[in-house]
Amino acid sequence: MALSTIVSQRKQIKRKAPRGFLKRVFKRKKPQLRLEKSGDLLVHLNCLLFVHRLAEESRTNACASKCRVINKEHVLAAAKKSRG
Amino acid sequence: MADHNPDSDSTPRTLLRRVLDTADPRTPRRPRSARAGSCALGTLMWLWNLRGTGLERLRARRALLETASPRKLSGQTRTIARGRSHGARSVGRSAHIQASGHLEEQTPRTLLKNILLTAPESSILMPESVVKPVPAPQAVQPSRQESSCGSLELQLPELEPPTTLAPGLLAPGRRKQRLRLSVFQQGVDQGLSLSQEPQGNADASSLTRSLNLTFATPLQPQSVQRPGLARRPPARRAVDVGAFLRDLRDTSLAPPNIVLEDTQPFSQPMVGSPNVYHSLPCTPHTGAEDAEQAAGRKTQSSGPGLQKNSPGKPAQFLAGEAEEVNAFALGFLSTSSGVSGEDEVEPLHDGVEEAEKKMEEEGVSVSEMEATGAQGPSRVEEAEGHTEVTEAEGSQGTAEADGPGASSGDEDASGRAASPESASSTPESLQARRHHQFLEPAPAPGAAVLSSEPAEPLLVRHPPRPRTTGPRPRQDPHKAGLSHYVKLFSFYAKMPMERKALEMVEKCLDKYFQHLCDDLEVFAAHAGRKTVKPEDLELLMRRQGLVTDQVSLHVLVERHLPLEYRQLLIPCAYSGNSVFPAQ
């Protein structure tokens, strides 16, 4: 599947969705339910967007507190904000 | 056909001419073949004159005998052209050659071809030994003689394209190809002879070599002579990095006794050595992003680590242990290689603060691990080695030393006694701390490594194994899957992250998945279904505010998912009035 090209961070991000993992998680949590074929891709999309928002928020928090490193407090605050 | 150059004993052309004049065609089959035969004889003659040894004569004869295709004739003529630079001697030899019986058995074309093939391209390029005296004028002369001699001579002066050969010789197209091949071969041989011996016996030897080359299949001898030219695929052997590293270690490590000491207290004596060289192969696949991998490992290991170790270690113990380990590691750093240590200093300086912060965690983990027992220290040791490797790829010796050294916290006494000077305090202490940083994440992979290593200590690379030997079914693949999203998190964040922050991200993801599944269940139940469909997902995203009236789900799919997934998700019309995926 598609591997991202080299980004500024010299990191290669796999853009593959861990479909097996998602299916397994869903099965574990809700064994009575069934997930449709491309449903896990949308779940993956949802996760991506969630992680993206969380990262942005954490980054904002870290920059606000003038830290060069993202702390767990930043992440915690971001999570609280997004979840309410 | 008078002799145009009376002094040119050397030109094969002249020899040929003489042969043509004097000798009667051996094979009275066809005029051109007869001519070719005489020319073949002439080439034979000059060949032999050049070599001047019976051995070459024999070889030349063998060459002639072996090659039997008429197509090689023109190739042979090319050899003649090449060989003209050599001094050919007397016609008497040609007579002698003519007298030889087995020449007659071959077609003249084949003979000539063989000669050409076997003649080493020492001709033009092998100057010194044979005959310098091949000035350009002689080259010019053959061109003059071209007209008289016909097709063969046409070829002699220059390497004209095969098309210029006598049409009779080149009627079938295959011949051209063969000629070209022979030309190439000759070129190869030429280069071969050039490269190998320019001097005296080079002549004979190159001829021999070329003769040998042409005897066998053309490709094979080239490979024998010049591996670079070999057309066979090179035998690829997986690099035994472990052996290599082991050798490095054996040679590089100054105090072998210390290494032995390190490995002593552990129940598995080979823990030290396999750890050492196994950690090193991990270096290549550990990228430059130490934070990432440390985070990844940390997340993976934090789970099992927490499970394994008793969480309540007093701080002072950890401090003491950490320092002991540090000292030990420092000792090793100093002993093993100062240079490599310095190399590590620089990259470490960047993350000094992080190192400081993480020291406590490391210390805790270290102490915990030491407390747990053999498994712990072994893991720590491997973790150390692992982290050492990731930290400073260049300093292999250091990693090796540190690996066994740091882990032997239990036998600190012996180890520390062995470790002499912790020379430069600060940078090396930072180094050590940095190394210890990854103790936590490393033990998880280290454990896997350890489990595999005792089984096959000689194997360098092990397939990625489950990280822990603890609760396998639930946590490990779960953590492995979550790590994918954690990596994405740190990628999106574009800032360095703490390990604790990544753990927090993991927890958030866990909670998120839980919420997600609950919501989907509710939505599906609301629609009276037991299967979660994409409509439920869309509703979920709408509720989250990701999908609005302006931004539809398909837009998001297009933005964030790769093409293959897009094709699966967004219905698209294809030829034949079909839509995929079917709606």
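This one's a predicted model, so the numbers in the text were calculated from it and none came from an experiment.
- Contact of A/Ser58 with chain B is made through the side chain alone, with heavy-atom distances under 4.5 Å.
- Heavy atoms closer than 4.5 Å to chain B are found in both the backbone and the side chain of A/Gln32.
- In this structure, chain A has a heavy atom under 4.5 Å from the side chain of B/His484, while its backbone stays farther away.
- Annotation: cation-pi geometry not satisfied between A/Lys29 and A/Phe26 (NZ/CZ under 6.0 angstrom from ring centroid, within 45° of ring axis).
- The backbone N or O of B/Val551 lies less than 3.5 Å from a partner atom in the side chain of B/Thr548, making a donor-acceptor pair.
- Contact annotation: the side chain of A/Leu42 approaches that of B/Leu553 to within less than 4.5 Å [non-hydrogen atoms, C-beta and beyond].
- Interface residues of residues 512-519 of chain B toward chain A, defined by a heavy-atom distance below 4.5 Å and sorted by number: B/Tyr512, B/Phe513, B/Gln514, B/His515, B/Leu516, B/Cys517, B/Asp518.
- Chosen from B/Leu482, B/Leu540, B/Val532, the residue pairing most often with chain A at heavy-atom distances under 4.5 Å is B/Val532.
- The backbone N or O of B/Lys530 sits nowhere less than 3.5 Å from a side-chain atom of A/Arg34 that would complete a donor-acceptor pair.
- Looking at B/Gln544 and A/Leu49, their side chains never come closer than 4.5 Å, going by heavy atoms from C-beta outward.
- A salt bridge is absent between A/Lys23 and A/Asp40: the closest approach of a Lys/Arg side-chain nitrogen to an acidic carboxylate oxygen does not fall below 4.0 angstrom.
- Both the backbone and the side chain of B/Leu568 come within less than 4.5 Å of a heavy atom of chain A.
- With 3.5 Å as the limit, one finds a donor-acceptor pair spanning the side chains of B/Tyr485 and A/His44.
- Proximity to chain A involves both the backbone and the side chain of B/Lys511, based on heavy atoms less than 4.5 angstrom apart.
- Checked for salt-bridge contact, B/Lys479 and B/Asp510 miss the test: no charged N lies under 4.0 Å from a carboxylate O.
- For residues 524-545 of chain B, no residue pair satisfies the ring-ring contact (aromatic ring centres under 6.0 Å, His included) rule, not counting sequence neighbours.
- Highest contact tally toward chain B, considering only A/Val25, A/Leu76, A/Val51, is held by A/Val51 [criterion: heavy-atom pairs under 4.5 Å].
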